[in-house]
Amino acid sequence: MMEVKEIMADLKAMGSDSIKKILLKHGVKEPFFGVKIEQLKTIQQKVKKDYQLAKDLYATGNADAMYLAGLIADDEKMTRDDLQTWVNQAVSNNIGEYTVPWVAAGSNYGYELACEWINDGKEYIAAAGWATLSNIVSLKPDDELDIKALKALLTRVEQTIHSAGNRVRYTMNGFIISLGSYIAALTDDAIATANKLGTIMIDKNGTACKVPAAADYIQKTIGRGKPVAKKKTVKC
């Protein structure tokens with residue numbers, strides 16, 4: 001069994017100043033060491049799943065440890081309070097838009113919390129909400145989804161995306177893509193919405209990352225007109 005102190009020492013040793021500079025530009029906030037994801041996965045392979053260790057690592061506030069926490073979290077054991085605590089502390093883009101949504105989507109409270117988070121006044125929490133919805137859509141079978149409610153949320157995106165915060169626009173765009181790619185009943189609606197919205201302007205802080213054009217992305221993803229197979233996991 002690995003312990004927090006041992007893991008934190010390993011993370012420090014794995015840290016790289018060059019990786020840290022890149023991650024800072026991508027919205028990762030101090031403190032963190034600058035560990036590559038592939039290195040975090042070597043620890044994940046040793047630990048597998050560990051509910052308490054994941055919570056303890058996340059509580060360090062170190063962005064590398066928080067990302068690792070998401071990889072080893074036992075999603076189904078996460079309580080509503082656990083997830084709310086995690087999203088409140090998810091100020092780094094990689095944690096708020098990937099780690100927390102991954103774990104929330106695999107939990108028993110993902111949808112209800114996502115619907116609360118998208119109404120939050122804090123941009124990073126609202127962004128986490130939309131990212132969680134995207135992950136849920138890609139994981140759950142259509143018969144476990146409220147298609148009517150998701151369609152209403154698509155309308156909300158159409159009406160509000162251009163006035164939303166920068167990171168919320170980014171995750172809303174991802175939500176359009178997820179709906180169009182994974183739910184056949186909403187593919188046409190998602191493409192029509194994307195075409196109507198046009199280019200979504202998002203500040204990428206000088207990085208080379210590009211914002212995918214939702215309509216083009218969906219059409220390439222679905223190939224011959226069939227929806228994409230649901231994912232077994234969203235963690236990567």
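- Within the 4.5 Å cutoff, side-chain heavy atoms of K20 are placed close to those of E30.
- With F32 as the fixed residue, the side chain to side chain contact (heavy atoms under 4.5 Å, CB included) test singles out one of I19, N94, N62: N62.
- A donor-acceptor distance shorter than 3.5 angstrom exists from the side chain of N135 to the backbone of A131, with no hydrogens or angles considered.
- We find the NZ-CG distance between K12 and D64 to be 13.0 Å, quoted to the nearest 0.5 Å.
- Contact record, G110 with I136: C-CD1, 3.6 Å, taken as the closest heavy-atom pair.
- Electrostatic pairing of K230 and E144 does not count as a salt bridge here, judged by no charged N lying under 4.0 Å from a carboxylate O.
- Nearest heavy-atom pair across W117 and I125 is CB-O, 3.6 Å.
- Taking D17 as the reference, nothing meets the side chain to side chain donor-acceptor pair (under 3.5 Å) condition, with sequence neighbours excluded.
- Contact of the D142 side chain with the L145 side chain is registered, since non-hydrogen atoms from C-beta on lie closer than 4.5 Å.
- By the 4.5 Å heavy-atom criterion applied to side chains, T132 and Y111 are not counted as neighbours.
- Annotation: ring-ring contact (aromatic ring centres under 6.0 Å, His included) contacts of F175 (sequence neighbours excluded): W130.
- Closest approach of K231 to L139, counting heavy atoms only: O-CD2, 3.4 Å.
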Scan the side chains in residues 95-102 for donor-acceptor partners under 3.5 Å anywhere in the protein, sequence neighbours excluded, and list what turns up.
{"unit_1": "E97", "atom_1": "OE1", "unit_2": "R167", "atom_2": "NH2", "d": "2.7"}
{"unit_1": "E97", "atom_1": "OE2", "unit_2": "R167", "atom_2": "NE", "d": "2.8"}
{"unit_1": "W102", "atom_1": "NE1", "unit_2": "V234", "atom_2": "O", "d": "3.0"}

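- From L83, atom CG reaches atom CD of E116 across 11.0 Å, with rounding to the nearest 0.5 Å.
- Under the 4.5 Å side-chain heavy-atom criterion for Ile, Leu, Val, Met, Phe, Trp and Tyr, L11 and V4 are members of the same hydrophobic cluster.
- Scanning both residues, P212 and I177, for their nearest heavy atoms gives CG-CD1, 3.8 Å.
- For the atom pair R80 CZ and E112 CD, the distance stands at 4.5 Å (nearest 0.5 Å).
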Sequence neighbours excluded and cut-off under 3.5 Å, please list the side-chain donor-acceptor pairs for residues 190-201, or say none.
{"unit_1": "T193", "atom_1": "OG1", "unit_2": "D189", "atom_2": "O", "d": "2.9"}
{"unit_1": "N195", "atom_1": "ND2", "unit_2": "I191", "atom_2": "O", "d": "3.3"}
{"unit_1": "K196", "atom_1": "NZ", "unit_2": "E158", "atom_2": "OE2", "d": "2.7"}

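- Side-chain atoms of K235 come within 3.5 Å of backbone N or O of A73 as a donor-acceptor pair.
- No donor-acceptor pair under 3.5 Å is formed between the side chain of S107 and the backbone N or O of M78.
- Atom OH of Y67 is separated from atom CD of Q44 by 9.5 Å, given to the nearest 0.5 angstrom.
- To the nearest 0.5 Å, the span separating CD on Q89 from CD on Q84 amounts to 10.5 Å.
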Would you mind writing out the side-chain donor-acceptor pairs for residues 147-154 within the sub-3.5 Å range, not counting sequence neighbours?
none

Apply the test side chain to side chain contact (heavy atoms under 4.5 Å, CB included) to residues T160 and M172: give CA-CA distance (whole Å), side-chain angles for both, the deciding distance (0.1 Å), then the verdict. CA-CA 10 Å; T160 63; M172 279 181 166; 3.4 Å; yes

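- Using a 4.5 Å cut-off between side-chain heavy atoms of Ile, Leu, Val, Met, Phe, Trp and Tyr, with links allowed through other members, I202 and V28 fall into different hydrophobic clusters.
- Remark: E38 CD to K36 NZ distance equals 5.0 Å, nearest 0.5 Å.
- The pair R169-E123 does not count as a salt bridge, with every side-chain nitrogen at least 4.0 angstrom from each carboxylate oxygen.
- Tracing side-chain contacts under 4.5 Å through hydrophobic residues (I, L, V, M, F, W, Y), one reaches I222 starting from V137; they form part of the same cluster.
- Closest heavy-atom contact between C236 and L71: O-CD2, 3.8 Å.
- Here Y58 pairs with W86 under the ring-ring contact (aromatic ring centres under 6.0 Å, His included) rule; sequence neighbours left out.
- At distances below 3.5 Å, at least one donor-acceptor pair connects side-chain atoms of T85 with backbone N or O atoms of D81.
- Screening L40, L57, I7 for a side chain to side chain contact (heavy atoms under 4.5 Å, CB included) with I72, the sole residue that qualifies is L57.
- Each of D56, D82, D74, D75 was compared with Y51 under the side-chain hydrogen bond (donor to acceptor under 3.5 Å, both in side chains) criterion, and only D82 meets it.
- The shortest heavy-atom contact between A214 and N173 is CB-OD1, 3.7 Å.
- Under a hydrophobic-cluster definition in which Ile, Leu, Val, Met, Phe, Trp and Tyr are linked whenever side-chain heavy atoms come within less than 4.5 Å, directly or via other members, L23 and V91 are assigned to different clusters.
- Between K46 and T42 there is no side-chain heavy-atom pair separated by less than 4.5 Å.
- In the hydrophobic clustering of this structure, M2 groups with F33; members are Ile, Leu, Val, Met, Phe, Trp, Tyr whose side-chain heavy atoms approach within less than 4.5 Å, directly or through other members.
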